[in-house]
Amino acid sequence: MTDWSDPEALDCSDEDTFDALLDRAETREKGNYFEFFAEGDELSHDPGLRLSQHGSEGWMGQTLNHDPAYWRSDAARERGFDGVPVHPDYLLACVMGITVEDLSEKGGYFLGRTDVEFHRPAYPGTELAVTSRVVDTRTSSSRPTYGIVTWETEGRDRETGDRLVSYERTNMIPRREPAATDGGGSMADGDGVDPETPDLPETLLAPDGARFEDFSTALERAEAEDAAVAYRHERGRTMDDQLVAGLPLSTLNTARQHHNRDEMADSPSGDIVAYGDVTRSIALAHARSDEATYRERRFEDERFHSFVTLGDTIYGFTRVLDCDPDAGPDRAGAVTFEHVAFNQDSTPVYSGRRTALIQRQQ
Ligand SMILES: CC(C)(COP(=O)(O)OP(=O)(O)OC[C@H]1O[C@@H](n2cnc3c(N)ncnc32)[C@H](O)[C@@H]1OP(=O)(O)O)[C@@H](O)C(=O)NCCC(=O)NCCSC(=O)C[C@](C)(O)C(=O)O
């Protein structure tokens with residue numbers, strides 16, 4: 001009788017024999033299909049991650065986030081932090097990265113996120129505890145092989161229990177069994193989906209500077225002239241391997257979309273795509289390079305309109321929606337922006353509403 005535990009029993013010398021062997025072997029699956037999720041379910045995510053200065057600097061350097069308060073202790077102290085905090089984009093991406101194995105590793109695309117709130121700054125060395133609750137599941141009416149799931153997620157400091165960031169996100173999630181729908185429509189092939197076109201006036205103004213007063217003066221001017229405050233940012237960043245695969249992996253994001261070209265070849269995008277948080281962080285970095293940010297506060301209605309693949313270049317466009325002089329400390333006022341990330345073909349790939357505290361003139 002053949003001894004199947006004998007290491008020699010596995011013949012790797014013949015490709016066809018090995019291929020036939022693979023066909024017979026069961027695949028130990030990772031991640032969860034749509035059917036796994038039920039409204040009200042709570043999940044505590046096991047992967048652990050300690051926020052690090054190295055990770056934060058790696059994220060910021062690659063995405064062009066150069067705000068000195070996240071790099072230098074004198075600038076951090078001057079801005080009222082207890083030390084050099086990790087960057088909020090890195091914090092958010094890490095909290096979401098940890099959830100991927102349980103929530104979205106099966107391969108559905110990240111469609112949008114809202115109610116993103118930063119509750120307190122996070123510092124290197126913080127170990128994260130991340131939990132999620134299923135708030136909604138529904139069948140996709142246009143795509144029978146997918147469902148749409150929304151979760152509420154909270155990232156806390158594992159030691160103190162302090163809430164650091166919370167948000168609600170929505171993904172397409174593959175179904176184990178296709179639903180009986182009309183099956184109409186096909187997934188976008190990367191040509192892009194037009195987001196709602198903002199009804200903007202003919203004249204677009206840019207603020208004269210980077211301070212709160214520059215934004216509020218520009219808004220007042222725009223109102224008087226029937227114009228809008230909306231402008232482009234000059235920098236662009238081309239998506240390379242480090243951005244598309246390296247950064248999500250550094251946040252423990254196991255979504256195949258970002259690092260498995262073999263699997264993604266047959267997917268709607270046809271290739272690996274950038275982690276939504278990387279795309280967004282680049283566009284926000286472009287915007288922040290034209291403003292004197294004091295603190296990030298919250299994001300609403302974030303949407304990912306179209307795929308970003310290797311070689312695409314991400315640019316930024318910003319519209320100023322509101323200025324509130326009373327919403328911050330003496331030295332800053334709150335500005336609400338709408339940011340759009342777009343690619344080299346001017347196709348919008350991300351949009352989101354952001355409220356940040358912007359420093360006043362000194
Ligand atoms: C996915 C694509 C192909 C669908 O393109 P489409 O033309 O099929 O789009 P659609 O028809 O507008 O939307 C499909 C369905 O989604 C719904 N929907 C749409 N948006 C929302 C939203 N915000 N909230 C709630 N529902 C939404 C929408 O209502 C519709 O429902 P229906 O099938 O019943 O008619 C297209 O939208 C696209 O290319 N988007 C970009 C996706 C992307 O690249 N995301 C970031 C990268 S993936 C990622 O980061 C992964 C991550 C973070 O690691 C990880 O989750 O694990």
Side-chain angles (χ1 to χ4, degrees), residues 49-98 116-130 154-167 209-215 233 235 237 247 250-251 277-278 280-299 316 318 323-325 327-337 339 354-362:
L49 195 154
R50 183 205 290 254
L51 298 171
S52 71
Q53 188 173 350
H54 173 75
S56 179
E57 289 179 353
W59 184 281
M60 293 188 292
Q62 290 296 329
T63 56
L64 286 91
N65 275 289
H66 295 173
D67 183 339
Y70 300 100
W71 291 90
R72 284 191 351 236
S73 55
D74 63 317
R77 265 196 311 278
E78 198 276 324
R79 289 265 289 281
F81 291 115
D82 295 336
V84 178
V86 299
H87 195 275
D89 291 0
Y90 166 71
L91 168 67
L92 183 59
C94 287
V95 166
M96 200 157 120
I98 286 175
V116 182
E117 290 233 28
F118 294 100
H119 302 284
R120 55 169 58 210
Y123 293 91
T126 303
E127 294 187 356
L128 293 175
V130 182
E154 269 189 2
R156 292 178 183 265
D157 179 326
R158 189 171 279 278
E159 192 183 328
T160 63
D162 289 339
R163 265 204 315 173
L164 301 172
V165 66
S166 55
Y167 59 83
R211 301 275 167 174
F212 176 78
E213 292 81 354
D214 297 310
F215 292 104
H233 307 283
R235 287 180 181 158
R237 171 75 163 100
L247 287 189
S250 76
T251 69
D277 268 341
V278 171
R280 130 200 216 278
S281 188
I282 292 169
L284 295 175
H286 298 334
R288 289 171 183 137
S289 73
D290 290 325
E291 65 181 50
T293 323
Y294 180 68
R295 288 281 194 286
E296 293 299 327
R297 277 229 158 144
R298 83 184 150 263
F299 289 82
T318 293
C323 289
D324 182 350
D330 287 350
R331 57 181 294 184
V335 180
T336 299
F337 303 94
H339 299 293
R354 160 175 172 256
T355 301
L357 296 179
I358 305 296
Q359 298 179 65
R360 295 181 202 277
Q361 278 158 7
Q362 288 150 337

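Treat the numbers as computed from the prediction; the structure is a model and nothing was measured.
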* Asked: Listed by chain and number, what are the side chain to side chain contact (heavy atoms under 4.5 Å, CB included) partners of E159, not counting sequence neighbours?
  -> D157

* To do: Using the test side chain to side chain contact (heavy atoms under 4.5 Å, CB included), find all partners of R360 that sit at least two apart in sequence or belong to another chain.
  => F212, E213, P325

* Closest non-hydrogen atom pair between S281 and N65, with its separation -> OG-ND2, 3.1 Å

* What residues, two or more places apart in sequence or in another chain, satisfy side chain to side chain donor-acceptor pair (under 3.5 Å) together with T318? -> H233, H339

* To do: Could you please spell out the steps behind the side chain to side chain contact (heavy atoms under 4.5 Å, CB included) verdict for L92 and V116?
  => CA-CA 9 Å; L92 183 59; V116 182; 4.0 Å; yes

* Asked: What residues form a salt bridge (charged side-chain N to carboxylate O under 4.0 Å, His left out) with R158, not counting sequence neighbours?
  -> none

* Residue pairs, two or more places apart or on separate chains, that pass salt bridge (Lys or Arg N to Asp or Glu O under 4.0 Å) and touch residues 51-63 -> none

* Partner set under side chain to side chain contact (heavy atoms under 4.5 Å, CB included) for V84, not counting sequence neighbours -> S73, A76

* How far apart are the closest heavy atoms of L357 and G328, and which atoms are they? -> CD2-CA, 3.9 Å

* Taking the side chain as every heavy atom from C-beta outward, state whether H66 and M60 have any atom pair closer than 4.5 Å. => no

* Apply side chain to side chain contact (heavy atoms under 4.5 Å, CB included) to Q62 and L247, showing your working. => CA-CA 9 Å; Q62 290 296 329; L247 287 189; 4.0 Å; yes

* Structure fact -> So the side-chain hydrogen bond (donor to acceptor under 3.5 Å, both in side chains) pairs with at least one residue in residues 75-84 (sequence neighbours excluded) are D67-R79, E78-R331

* **Donor-acceptor contact below 3.5 Å, side chain Y90 vs main chain G58** => no

* Under 3.5 Å, is there a donor-acceptor pair between the S250 and W59 side chains? -> no

* **Validation row: E296, H87 side chains within 4.5 angstrom (heavy atoms)** => no

* Asked: salt bridge (Lys or Arg N to Asp or Glu O under 4.0 Å) between R211 and E291: does it pass, once the steps are laid out?
  -> CA-CA 6 Å; R211 301 275 167 174; E291 65 181 50; over 6 Å; no

* List the steps and the verdict of side chain to side chain contact (heavy atoms under 4.5 Å, CB included) for Y123 and L51. => CA-CA 7 Å; Y123 293 91; L51 298 171; over 6 Å; no

* To do: Go through the structure and list residues passing side chain to side chain contact (heavy atoms under 4.5 Å, CB included) with T336, not counting sequence neighbours.
  => L321, D322, R353, T355

* Structure fact -> Closest non-hydrogen atoms of S289 and R235, given as atom of the first, atom of the second and distance, are CB-NH1, 3.6 Å

* **All salt bridge (charged side-chain N to carboxylate O under 4.0 Å, His left out) counterparts of R120, not counting sequence neighbours** => D162

* Asked: Quick one: salt bridge (charged side-chain N to carboxylate O under 4.0 Å, His left out) partners of R298, sequence neighbours excluded?
  -> E300

* Asked: For the residue pair A285 and T63, what are the closest heavy atoms and their distance?
  -> CB-O, 3.0 Å

* Asked: Any side-chain heavy-atom pair from L128 and L91 closer than 4.5 angstrom?
  -> yes

* **Chi angles and distances behind the side chain to side chain contact (heavy atoms under 4.5 Å, CB included) call for D277, M96** => CA-CA 9 Å; D277 268 341; M96 200 157 120; 4.2 Å; yes

* E117 with R297: basic N within carboxylate O range, under 4.0 Å -> no

* R354 side chain near L284 side chain, heavy-atom distance below 4.5 Å -> yes

* Can you list the residues that meet the salt bridge (charged side-chain N to carboxylate O under 4.0 Å, His left out) rule with D89, with sequence neighbours excluded? -> R280, R288

* To do: Could you check if a side-chain atom of L49 sits within less than 4.5 angstrom of a side-chain atom of E127, using non-hydrogen atoms only?
  => no

* I would like to know whether F215 and F337 meet ring-ring contact (aromatic ring centres under 6.0 Å, His included); could you show each step before the answer? => CA-CA 10 Å; F215 292 104; F337 303 94; 5.4 Å; yes

* For H119, check side chain to side chain donor-acceptor pair (under 3.5 Å) against everything at least two apart and list the hits. => S166

